[in-house]
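A short worksheet on the structure shown next.
Not measured: the values here are computed from a predicted model. Counting starts at 1 for both ligands and their atoms, in listed order. Along the sequence shown, the residues carry numbers beginning at 1.
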Amino acid sequence: MQVTIDGRIALQGEVLVPGDKSISHRAAIFAALAEGESEIRGFLTGEDCLSTLACLHQLGVAITRDKTTVRIQGVGLTGLREAENVLDCGNSGTTARLLLGVLAGQPFFSVLTGDASLRKRPMARVTEPLIAMGANIMGRAGGTLLPLAIVGGSLQPSHYHTPVASAQLKSAILLAGLYAEGETMVVEPEQSRDHTERMLAAFGADVSVAATAVTLHGQPRLQGRLVQVPGDISSAAFFLVAASIVPASDVLVRNVGINPSRTGILEVLQAMGATLTLYNEREESGEPVADIRVQSAQLTGVELSGALIPRLIDEIPIIVVAALFANGQTIIRDAQELRVKETDRIAAVVEEFAKLGASIIATEDGFVIEGGQQVHGGVVNSRGDHRIAMSLSIAALRATSPVTVEDAHCVAISYPRFWETIKTLQSDDK
Ligand code: S3P
């Protein structure tokens with residue numbers, strides 16, 4: 001599938017972004033491991049989260065779904081059963097890595113695989129600490145790539161210092177820690193998103209956080225509950241940047257999760273001079289939420305590095321788009337994790353934006369972008385990466401002629417109605 005975007009039309013109106021991807025995965029997994037029924041409202045029905053539901057179903061969990069409301073009959077920590085077939089995580093790193101943590105605690109055999117992109121992504125960061133806790137894991141490339149076969153067992157608790165700030169890695173160890181007797185502790189070099197800690201505590205686990213260390217007491221009884229999933233700030237980010245860079249735009253993005261471990265994008269856009277106003281700040285299921293109004297503004301370049309990077313790692317491709325149209329230079333450092341996302345996002349951004357006439361310098365761990373660039377029309381390819389597809393199409397809104405994005409279906413991984421939402425914001429009859 002390909003989509004052609006006509007730019008240079010002001011964006012106006014309201015957007016209700018879909019549910020948060022990270023929170024939707026966790027809600028489904030924790031509900032499965034809890035006792036009793038859970039109801040998840042505002043669940044992201046993107047392909048990644050549907051992969052998680054399908055894997056849990058294969059592991060013996062009863063799940064029903066009506067649009068974005070999901071009901072899960074929890075089986076308790078020890079109630080999963082061996083799947084009859086391979087568990088396919090599709091494109092979803094979160095599904096693969098979090099389920100590895102769960103399966104490390106199961107006394108049965110499982111095989112996890114994924115699509116061509118996921119089969120290239122590093123798994124050793126997760127399998128090594130799980131093997132050290134007592135899981136048996138074998139797989140391709142010395143057990144570092146999917147497909148991976150796993151037979152869990154009786155696990156030892158872990159005190160682990162992660163080499164990278166990764167919420168998927170942290171969560172995998174904490175999930176395995178649910179099955180170990182005693183205290184499991186994960187210490188990160190910088191804090192990654194903390195949805196697992198928050199939600200495990202809400203389901204009844206004993207979790208404590210001190211700076212970048214999370215401690216969990218093993219073998220809790222988790223209780224099913226109601227979870228209201230906020231809108232995904234990583235999806236909102238595309239419209240926050242779009243309305244900033246397209247002149248005369250004024251957009252209200254409703255129901256956006258503003259957990260501080262995710263709000264790096266808001267701080268960066270504010271530092272760049274964006275006109276953002278937060279309204280109606282509230283809390284839903286232990287997560288802070290707000291409505292965000294954005295009006296177009298001339299942006300200025302910034303420098304990003306260090307502890308800020310994990311707080312906006314998924315937003316870097318769209319921050320590059322903001323930087324292209326800003327005054328002055330933007331430098332992004334310490335973002336080498338981008339090389340192991342759904343694609344090598346540093347290479348993808350540089351090469352695909354070059355097709356529209358943009359000049360972006362790649363570094364080992366980020367980018368140097370001169371602002372004030374003009375982008376022309378052309379044909380670009382998402383490389384099957386949802387966030388690359390959406391970033392290219394937002395840049396297209398400032399292009400001098402139409403841009404065609406090939407392999408555009410992949411937006412369905414995290415934002416199934418993305419193309420319709422652009423059209424609605426561009427239309428006069430709202
Ligand atoms: C996620 C963590 C991040 C992020 C991904 C979702 C999560 O990945 O990029 O989109 O839900 O835990 P890493 O854990 O690899 O940093």
Side-chain angles (χ1 to χ4, degrees), residues 18-30 43-44 46-49 51-52 89-102 114 117-118 120-127 129-130 144 146 160 162-175 186 188-200 212 214 227 229-230 232-238 257 259 261-265 287 307-319 334-346 348 365 384-391 410-411 413-415:
D20 187 279
K21 182 155 77 71
S22 294
I23 295 175
S24 297
H25 284 297
R26 286 160 174 77
I29 294 171
F30 302 167
F43 187 84
L44 171 63
E47 290 172 359
D48 272 9
C49 297
S51 294
T52 289
C89 305
N91 191 246
S92 176
T94 309
T95 307
R97 295 192 178 120
L98 269 57
L99 285 184
L100 276 169
V102 173
S117 154
L118 191 56
K120 289 195 195 107
R121 296 181 66 187
M123 294 294 151
R125 55 178 63 183
V126 178
T127 56
L130 295 180
T144 66
L146 296 176
Y160 192 70
T162 66
V164 282
S166 159
Q168 294 176 359
L169 168 54
K170 170 173 65 180
S171 303
I173 298 168
L174 292 173
L175 282 163
V186 184
E188 298 190 280
E190 317 277 3
Q191 196 201 24
S192 65
R193 64 194 64 191
D194 67 354
H195 307 299
T196 292
E197 299 86 298
R198 286 176 187 245
M199 206 190 292
L200 271 179
T212 66
V214 185
V227 180
V229 180
D232 198 326
I233 191 168
S234 298
S235 298
F238 296 103
N259 176 316
S261 65
R262 300 285 298 281
T263 48
I265 177 70
E287 292 280 346
L308 180 60
I309 298 297
R311 297 179 53 232
L312 47 65
I313 187 72
D314 292 340
E315 288 67 75
I316 292 177
I318 192 64
I319 290 172
D334 301 329
Q336 57 280 358
E337 277 291 299
L338 292 177
R339 298 236 178 240
V340 291
K341 294 294 178 187
E342 286 82 332
T343 48
D344 174 344
R345 285 186 174 157
I346 296 181
D365 64 350
D385 183 327
H386 54 134
R387 298 198 201 283
I388 298 296
M390 292 188 273
S391 299
C410 59
V411 302
I413 285 164
S414 63
Y415 201 152

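The closest approach between any non-hydrogen atom of R26 and ligand 1 is below 4.0 Å. In this structure, R97 counts as a contact residue of ligand 1, since one of its heavy atoms falls inside 4.0 Å of the ligand.
Not one N or O of R387 is nearer than 3.5 Å to an N or O of ligand 1, by distance alone. Residue contacts with ligand 1: L169 is placed with no nitrogen or oxygen under 3.5 Å of a nitrogen or oxygen of the ligand (distance criterion only). Some N or O of S166 is nearer than 3.5 Å to an N or O of ligand 1, by distance alone. For ligand 1, one of its N or O atoms has an N or O atom of K341 under 3.5 Å away.
Screening M390, R387, K21 against S234 for a side-chain contact (heavy atoms from CB on, under 4.5 Å) leaves a single residue, R387.
To the nearest 0.5 Å, atom OG1 of residue T52 and atom CZ of residue R26 are 10.0 Å apart. Atom CG of residue D334 and atom CG of residue L308 lie 10.0 Å apart, to the nearest 0.5 angstrom.
In this model, no donor atom of one side chain and acceptor atom of the other lie less than 3.5 Å apart for H195 and S22.
Here is the list of ligand 1 atoms found below 4.0 Å of a heavy atom in D314: 4 (C), 5 (C), 9 (O), 10 (O). Atoms of ligand 1 lying under 4.0 Å from any heavy atom of T94, numbered from 1 in the order shown and given with element: 1 (C), 6 (C), 7 (C), 11 (O). Taking every non-hydrogen atom of A167 and a distance limit under 4.0 Å, the qualifying atoms of ligand 1 come out as 12 (O), 14 (O).
For H195, no heavy-atom contact with ligand 1 is shorter than 4.0 Å.
For atom 11 (O) of ligand 1, the nearest protein heavy atom (residue, atom name, distance) is S22 OG, 2.7 Å. Among protein heavy atoms, the minimum distance from atom 1 (C) of ligand 1 is reached at Q168 NE2, 3.5 Å.
Side-chain contact between V164 and E337 is present, with at least one heavy-atom pair separated by less than 4.5 Å.
Judged by distance alone, with hydrogens and angles left aside, the side-chain atoms of D365 form no donor-acceptor pair with the main-chain N or O of Q336 at under 3.5 Å. Counting only distance, with no hydrogens or angles, the side chain of S192 and the backbone of P310 share no donor-acceptor pair below 3.5 Å. Not one N or O on the side chain of Q168 forms a donor-acceptor pair closer than 3.5 Å with the backbone of L98.
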